[in-house]
Amino acid sequence: MVRTRFAPSPTGYLHIGGVRTALFNWLFARRHGGQFILRIDDTDQQRNVAEALQPILDGFRWLGIDWDEGPDVGGPYAPYFQSQRVERHQAAVQALLDGGYAYRDFARPDEVQAEREAAEREKRSFVYSRRWMAETARQQAAFEAEGRQSVVRLKMPRDGQCQFHDAIRGDVAFDWAAEQDHVIQRSDGTCLYHLASAVDDYDFRITHVIRAVEHLSNTPRQIFIARSLSYPLPEYAHLPYVAEPGSSSKLSKRKLKQYLKQRDFKALFDQGARIAAAARLPVTDETFNPVVVDFYRETGYLPDALINYLLLLGWSLDDSTESFTRSEMIDAFTLERVNRAPASFDPAKLAAFQERYARQMPIEQKTAMVLPFLHAAGLVREPPTERELAQVSAVVRAAGDRIKIAGDILDFADFFLPDDRLPWDRAAVEKRLVKPPRAAELLRQFANRLQAVEPFDSASLEGLLQRFVESEGIQLGDIIHALRVAVTGKAVGFGMFETLEILGRERCAARIARVLSQLEPGAGDGHGAVD
RNA sequence: GCCCCCUUCGUCUAGUGGCCUAGGACUCCGGGUUCUCAGUCCGGCAACAGGGGUUCGACUCCCCUAGGGGGUACCA
């Protein structure tokens, strides 16, 4: 039975690199019909664990990465919070002490530090002298009499090698002599991570430890702990980390400002920021960051697109397959095909996956996806009326591939605005309505013909415009751009006839009349104009 | 300092000694389509870190160098 785990600290946000690690654990467990466990690596000092954990759990749920055991769902090996397992950790420390695999050490930090520095000066690896090691009650009493405090250190081997197999890196070996007598329990009695982690992994019956490479060098000490406690060793797989765009350093939430200098990253962020502003999202600097999963949820990405992208960040099936459904990725995933080198997060490629998924989406689904954004912006009711729903659906259909992420619907907010509150793009008005000599006149004439057309749909509208162009002896472009600016306020939009049909006869007439009145000499008070 | 890991187009990658004049994808650059934009179609630019071996033959195996990363904490 395969059992994997992901062990987040309750930090208040879900890091995109963490998601990739969790995804690989999840896929591996699902691939082998096993369990995926969420263990919370909190510490006693942390406050508001529940609050700091919520965004992480929400993030996983949104992404469809479900856990079989852990917070909220419980499980046979509860508790799944590390802070509630201290008795188990303390017992393990005692067992290690009893077995002679660990010892009490009474060195002061500065004394160990002095040895460390001496080793560095002599260009050799540091090996603690164990001068303040107490293995008998008598030694212990003597040190205590000096007023010294103790920590518990691992009594690591000093000969031979620690060899183990890594599913991604192959056979790995470390000299035991290069390992330190690592501290496993502090002088205040609390335990350190590596001890706790090894114990919890055993207690939860974890069979495959799949984690980031930064733990590769830590593996020997965990193996030492496990062996000393007679635990069976799990299989190890060390994943390369997700690197920042254009560099091989680890992607970090704190370096947002630096990443924003990169064109693609900035484009991704700006698009999100535009949506957040239009939808009046209560964004915080804490989470409104493309390194954090919330960013994608808040701006309307598809979880499947994000997951598909992340799957291919450090893993591939072959030389050409890029699209994977959940079940396809579960069937295809193997640790052997995970890459060894770090992979840079590429916002442009993520965007490409998102666009591909959005393109294949049925209209009804896309409409549903877009509604919460229109509601947040105060443009439709919640739940929407029948009429609003039809309107939204029509806009979504006409927008086609222009809606790449759900929040993009707000680029077309002008369809949902009252006619007298439609903002005008001043430059567009200037270029298409003011500057061309006959623009206003043509628009007026065409508006008149609009009154009579029947039915008011794109086919008849197209015919009407065709005839108008012929009878006036003008080019299509002479009227169509002016018309677009008049009814949408903008120079760009979707197909003209669809636009007119969606707005309907009355609204088109109202908008054209309004813009014409503004164009009359002396009438322009600038009201309604923007930019 | 010491130990360990990594290194194919700008990016994600295929490649396990001859199938490689190194393939695909994203980006970028041309061009076609079109009422604008998005899209779409066609085409293009672009890589085996460097140096030594081994071999009839190296992107693939070995060594060295360089660069990048991690560990070396009473951090996780």
Side-chain angles (χ1 to χ4, degrees), chain A residues 7-9 11 41 43 82 105 107-109 112-113 116-117 119-127 149-153 166 169 172-175 177-180 182-194 196-197 212-221 238 240-241 243 245-250 263-264 309 312-323 339-353 355-356 359 399-404 408 411 428 432 462 465 469 475-481 483-485 488 490-497 499:
Chain A
S9 291
T11 52
D41 280 7
T43 60
Q82 206 158 58
D105 181 58
R108 291 194 313 259
V112 177
Q113 186 56 26
R116 209 189 311 275
E117 283 165 11
E120 192 164 323
R121 272 197 302 279
E122 293 160 32
K123 302 192 179 187
R124 56 177 170 82
S125 28
F126 164 60
V127 181
Q149 290 194 312
S150 70
V151 296
V152 176
R153 285 184 187 277
D166 184 289
R169 272 143 230 282
V172 192
F174 292 85
D175 289 337
E179 288 293 315
Q180 315 300 317
H182 297 285
V183 173
I184 52 173
Q185 189 180 59
R186 300 180 180 92
S187 51
D188 68 3
T190 58
C191 293
L192 275 89
Y193 169 77
H194 292 293
S197 189
V213 249
E214 60 241 46
H215 290 288
L216 182 61
S217 319
N218 299 329
T219 306
R221 78 184 79 157
H238 288 92
Y241 49 85
S247 147
S248 54
S249 303
K250 193 165 146 186
R263 182 176 53 100
D264 296 337
Y309 170 71
L312 264 12
L313 203 54
W315 180 87
S316 68
L317 175 63
D318 52 33
D319 61 347
S320 54
T321 315
E322 291 234 309
S323 251
N339 264 321
R340 285 191 274 267
S344 289
F345 175 72
D346 181 356
K349 189 137 186 171
L350 202 211
F353 272 93
E355 287 165 32
R356 193 182 302 165
R359 226 178 287 146
D401 299 336
R402 294 170 186 85
I403 296 175
K404 300 174 196 314
D408 284 341
D411 286 346
R432 299 302 191 186
E462 181 158 14
L465 194 96
V469 163
Q475 299 293 309
L476 197 63
D478 293 334
I479 177 67
I480 212 159
H481 299 299
L483 196 51
R484 171 172 286 111
V485 174
T488 68
K490 293 182 194 158
V492 301
F494 26 83
M496 193 68 258
F497 309 109
T499 302

Within this structure, what is the [atom1]-to-[atom2] distance between [X] and [N], rounded to whole angstrom?
X	N	atom1	atom2	answer
A:Lys490	B:rC35	NZ	C1'	17 Å
A:Leu312	B:rG24	CG	P	17 Å
A:Asp401	B:rA38	CG	C1'	7 Å
A:Phe494	B:rA38	CZ	C1'	11 Å
A:Lys123	B:rC2	NZ	C1'	11 Å
A:Arg356	B:rG24	CZ	C1'	11 Å
A:Leu216	B:rC3	CG	P	16 Å
A:Asp346	B:rA25	CG	C1'	11 Å

Check the phosphate of [N] against [X], side-chain N and O only, distance under 4.0 Å to OP1 or OP2. Yes or no?
X	N	value
A:Arg221	B:rU72	yes
A:Ser344	B:rC12	yes
A:Asn339	B:rA14	yes
A:Ser316	B:rA14	yes
A:Arg359	B:rU40	yes
A:Arg340	B:rC6	yes

Whole-angstrom distance between [N] and [M], as gauged at atom [atom1]:
N	M	atom1	value
B:rG23	B:rA46	P	12 Å
B:rU8	B:rC48	P	11 Å
B:rU60	B:rG15	P	15 Å
B:rG10	B:rA49	C1'	16 Å
B:rU33	B:rA38	C1'	14 Å
B:rC5	B:rC61	P	15 Å
B:rC6	B:rC45	P	34 Å
B:rC20	B:rU34	C1'	41 Å

Practice item. Would you kindly check whether a donor in the side chain of A:Ser187 faces an acceptor in the base of B:rC74, or vice versa, at under 3.5 angstrom? Key: yes

Remember a base hit wins even if backbone is also touched, and classify [X] as base, sugar-phosphate or nothing at under 4.0 Å, heavy atoms.
X	result
A:Lys250	nothing
A:Val151	base
A:Asp318	sugar-phosphate
A:Gly493	base
A:Leu192	sugar-phosphate
A:Gly495	base
A:Phe174	sugar-phosphate
A:Ser217	base

Compare all side-chain heavy atoms of [X] with those of [Y] and state whether any distance is below 4.5 angstrom.
X	Y	value
A:Val151	A:Asp105	yes
A:Leu476	A:Leu465	yes
A:Gln180	A:Phe126	yes

Residue [X], side-chain atoms from C-beta onward, closest of [options]:
X	options	value
A:Arg263	B:rA76, B:rG1, B:rU27	B:rU27
A:Arg169	B:rG1, B:rU11, B:rC6	B:rC6
A:Asp264	B:rC6, B:rU27, B:rC74	B:rU27
A:Ala348	B:rC26, B:rA14, B:rU72	B:rC26
A:Phe497	B:rG71, B:rC74, B:rC35	B:rC35
A:Arg186	B:rA76, B:rG39, B:rG70	B:rA76
A:Arg402	B:rU72, B:rC74, B:rU36	B:rU36
A:Ser320	B:rC75, B:rG39, B:rG24	B:rG24
A:Lys349	B:rA25, B:rG23, B:rC74	B:rA25
A:Leu313	B:rC12, B:rC35, B:rC28	B:rC12

Whom does [N] pair with, Watson-Crick or G-U wobble, provided both distances fall under 3.5 Å?
N	answer
B:rG39	B:rU33
B:rA22	none
B:rG44	B:rC28

Walk me through it: do A:Tyr193 and A:Asn218 pass the test side chain to side chain contact (heavy atoms under 4.5 Å, CB included)? CA-CA 11 Å; A:Tyr193 169 77; A:Asn218 299 329; 5.8 Å; no

Look at the side chain of [X] and the backbone N and O of [Y], then say whether any donor-acceptor pair between them is shorter than 3.5 Å.
X	Y	answer
A:Ser9	A:Thr11	no
A:Tyr309	A:Asp346	yes
A:Arg359	A:Gly400	no
A:Asp166	A:His238	yes

Comparing A:Leu476 with A:Ala343, nearest RNA chain B nucleotide closer to 5' gives the residue A:Ala343

The residue, A:His215 or A:Ala173, whose nearest nucleotide of RNA chain B is more 5′ is A:Ala173

- Going by atom types alone, do A:Thr190 and A:Arg186 pair a side-chain donor with an acceptor below 3.5 Å? yes

Interatomic distance, CG@A:Asp478 vs CZ@A:Arg432, rounded to 0.5 Å, equals 10.0 Å

Each nucleotide of nucleotides 59-68 of chain B classed B (base within 4.0 Å of a protein heavy atom), S (only sugar-phosphate) or -, in 5' to 3' order, makes ---------S

Checking side chain to side chain contact (heavy atoms under 4.5 Å, CB included) for the pair A:Asp318/A:Ser320: CA distance, chi angles, key distance, verdict?
CA-CA 6 Å; A:Asp318 52 33; A:Ser320 54; 3.8 Å; yes

Closest non-hydrogen contact found for A:Ser344 with A:Leu313 is O-CD1, 3.4 Å

